[in-house]
A.B. asks: 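Supplied in C-alpha cells, the structure appears directly below.
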Amino acid sequence: MASMEGRRRGLPNAAVTAMVLAIAIVFFFSAAAPLASAASVEHTFVVSQTKMTRLCKETLVTVVNGQLPGPTIEVREGDSVTVHVVNRSPYNITIHWHGVKQVRNCWADGVPMVTQCPIMPNKNFTYWFNVVGQEGTLWWHSHVPGLRATLHGAFIIRPRHGAASYPFPKPHREIPVIIGDWWEKDPAEVARNMTKSIFSSYASASTVNGLVGDLFNCSGVAKEGYVLDVEPGKTYLLRIINAGLFSEFYLKIAGHKFTVVAADANYVRPFTTEVIAIAPGETVDALLIADAHPGRYYMVGLPNQAPLPDTQTPEYATRGMVQYMVSQGPCSGTEVGCRGPSADVPIVPKMPDIHDTVTSFYFHSNLTSLQHHAHLLVQQRVDQRMFVVLGLGTICKQGHKFCKRGDSDEDILVATMNNVSFLPPTSKSLLEAHYYHTGRHGMTQDLPKMPPKLYNFTDEALIPFGPKEMRLEPTYKATLVRRFQQGAVVEIVFQSTAMLQGDSNPMHLHGHDMVVLAQGLGSYDPVKDGARYNYVNPPVKNTVLVPNLGWIAIRFVANNPGVWFMHCHYEFHLSMGMAAVFIVEDGPTMDTSLPPPPVNFPTCGHDIDLMPKDFYLHTKKSET
Ligand code: C2O
C-alpha cells in the first residue's frame with residue numbers, strides 16, 4: 001500500500017522505506033516516552049544539630065536528616081526537584097545545588113545575600129527547580145560560611161532514558177565517594193574568624209563518605225572506614241565529590257586503575273589513570289573494574305599542599321577499602337550466600353608526595369570533552385575579556401587607608417580578586433535588588449577587569465609577608481559585581497599568585513558551565529599562551545582549578561539571566577572575600593528573562609552579617 005502510494009507520487013522505493021522507518025521510529029519513541037517522561041522528585045531536608053562520634057570524641061554537627069553525608073538526590077535529566085528545607089538548627093541556612101544550572105531560576109540557587117535571604121532558625125523554605133541538559137554527578141551543600149563541612153550530599157543525574165544511554169559500558173553499581181574533612185572546632189566559627197588566623201584553623205581528620213578510617217586510632221583501636229564490597233570482574237561507577245573545605249585531594253586504590261568518564265556533570269573523553277586529583281567543588285566520575293586478584297585494597301584520600309616557603313598546616317590522609325567478595329567454604333562461590341569478604345592482608349597504594357602539586361596539574365590537563373561541539377559556542381567571538389588575579393593580602397580596618405600591616409591589630413587578612421575583597425550585602429539579597437531595580441547604585445562596585453598592577457605574579461619571594469608583598473597590597477572591600485548583556489561571550493584568565501601563599505584556586509561559577517581553553521604554570525602570557533587555546537575538545541566545568549602559581553583561561557556564555565556567585569571553592573578564600581557576582585541581564589524575550597520569585601521567598605527581617613567578625617572590631621584580636 002505504502003509503496004503504491006509512493007509510486008503514484010513519484011517517490012522512489014528507497015525513500016518510501018525510509019519514510020516508513022522514520023514513522024516506525026517516531027512511533028517507537030512516542031510509545032516508549034511515558035517510561036522516560038519527566039518525573040518530580042521530592043525530598044524533605046530537616047537541618048538540625050546532632051552529636052556524632054569521631055576521633056573518640058562527641059562533636060556537635062549540623063546535618064540534614066541526621067545523616068553525614070546528607071541524603072543523595074537522584075534524578076533523571078528532565079526531572080523537576082522539590083526540596084522542603086526545615087531549619088531546626090540555630091544557624092541561618094541556605095542550600096545550594098552545586099552545578100545545577102538553574103536556567104531562568106536563579107531564585108533557587110541558594111546563596112545567602114546573593115540570591116536570597118537565608119532561612120532563619122525555625123523557618124522553612126521549599127526549593128523547586130528543573131534539571132535540564134545535564135548528566136552526571138553534582139552535589140548540594142549549604143552556602144553559609146563553614147557549614148558545608150557537614151551540610152552536603154550527592155546530586156546524581158542519570159540520562160533521561162536510563163543507564164543504558166551512558167556513553168560507557170553500563171556499570172554493575174554506582175557508588176558516591178564523598179571526600180570531606182572532620183572538624184572538631186565549629187566550622188561556622190572558624191569561617192567567621194578567618195581574617196587573622198587561616199594558618200591555625202584546620203580540620204582534625206579527613207573522611208571518605210563521612211568516616212575517618214583506620215589511619216586514625218585515638219583509642220588504640222583503628223577507626224571504622226568506608227568499605228566498598230566488589231564482585232570479581234564487575235565494573236563500578238565511582239561518583240567522586242570533594243566536599244572538603246580546605247584541600248585538593250589525591251585518590252588512589254591499590255592495585256587498580258580508574259577510567260575517568262566525566263567531571264562536573266560533563267562527559268569527558270575516557271582516560272585511565274592510577275590517581276585522581278580533585279579540588280573542593282569538583283566532581284569526577286570514574287569506572288573501577290574489579291579485575292585484580294580478589295583481595296583487599298586500600299582506597300586512600302591524601303590532601304596536598306604547596307611546599308615551602310608556603311606555611312605548612314597539618315593535613316591528614318584518610319582511607320577506606322575496596323574488598324572483594326570471594327567464595328567461602330565448600331560451596332561453589334557463585335551463589336550469593338556463599339560469598340564473604342576476602343581475608344587477605346589489605347594492600348596499600350603508593351601515594352604522590354603531599355607536596356606534589358604537578359600530578360594535579362597533569363590530571364586536570366588530561367580532561368577533554370567527549371562531545372566536540374563545546375567549541376562552537378566559544379570560538380566565534382569574545383565580547384568581554386577579563387584578567388582576574390587571585391591573592392591574599394591585608395587591608396586596614398574600618399576603611400582606613402594607612403595602618404600597621406602584618407602582625408598587627410590594625411589590619412585584617414583578606415582574599416581578593418584584582419586586589420578587591422568581596423563584601424556581602426547585609427539587608428537584602430543582590431538578586432532582589434537587581435530584580436526590583438532597587439539599590440542599583442552605591443551598593444555595588446565593578447569588579448575591575450584587570451589588576452591594578454602587573455608584576456611577576458608567581459615570584460615566591462612574595463609568599464612571606466614583607467616589603468615586596470606590601471607594595472602590592474589590596475585596596476578595599478566592596479560588593480563586587482560585573483554586568484553582562486544577555487548572550488555575551490566572556491573570556492576570563494584567572495591567575496594564581498604567590499601573595500602570602502602559593503595555593504591553587506578552584507574557581508566556581510554558578511548558573512553556567514565554563515569551557516577550559518588552556519592552563520599553565522607561571523604568569524600568563526597573552527601572546528604565547530593565547531596561541532595554544534584548545535578550541536577542539538575543551539573540557540566543560542563548573543569549577544576550574546587554577547593551578548598553584550599558574551593560570552587558567554576559560555570562556556562562558558552569559559545566557560542565564562540572574563545574579564550568579566563566582567568564587568573560590570576553598571572555604572577560607574571564600575569567607576575572606578575571594579568572590580564576585582556576575583549579573584546577567586535579561587534579554588528581549590520571555591525565555592531570556594528572569595521570572596518573578598517563588599512564593600514564600602525568605603525575607604531578611606533584620607540585617608544578616610556573613611562577614612568575619614573582626615572586620616568591625618579594631619581592638620580585639622581573634623582568639624582562634
Ligand atoms: Cu559549591 Cu558557590 O558553591
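Note that the coordinates shown come from a computational prediction; the quantities given were computed from them, not determined experimentally. Remember, it's 1-based here, ligands and their atoms both numbered in the order they're listed.
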A.B. asks: For F125, which residues count as a ring pair (Phe, Tyr, Trp, His ring centres under 6.0 Å) partner, sequence neighbours excluded?
C.D. replies: Y127, F601
A.B. asks: Could you go through R158 and E135, starting from their C-alpha distance and side-chain angles, then the distance that decides it, and tell me whether this counts as salt bridge (Lys or Arg N to Asp or Glu O under 4.0 Å)?
C.D. replies: CA-CA 6 Å; R158 299 204 170 83; E135 290 175 18; over 6 Å; no
A.B. asks: Kindly report the NE2-atom 2 (Cu) of ligand 1-NE2 angle for H510 and H567 respectively, rounded to 10°.
C.D. replies: 110°
A.B. asks: How far apart are the C-alpha atoms of E282 and K541, what are their side-chain angles, what is the distance that settles it, and do they pass the salt bridge (Lys or Arg N to Asp or Glu O under 4.0 Å) test?
C.D. replies: CA-CA 8 Å; E282 290 187 304; K541 309 270 317 308; 2.6 Å; yes
A.B. asks: Sequence neighbours left out, what passes ring pair (Phe, Tyr, Trp, His ring centres under 6.0 Å) with F494? Give chain and number order.
C.D. replies: none
A.B. asks: Which count of protein N, O or S atoms is obtained for distances strictly below 2.8 Å from atom 1 (Cu) of ligand 1?
C.D. replies: 3
A.B. asks: Report, as yes or no, whether the 6.0 Å neighbourhood of atom CD on Q49 holds more than 12 heavy atoms from other residues, nucleotides or ligands.
C.D. replies: yes
A.B. asks: Applying salt bridge (charged side-chain N to carboxylate O under 4.0 Å, His left out) as the test, list every pair that has at least one member in residues 40-49; sequence neighbours left out.
C.D. replies: none
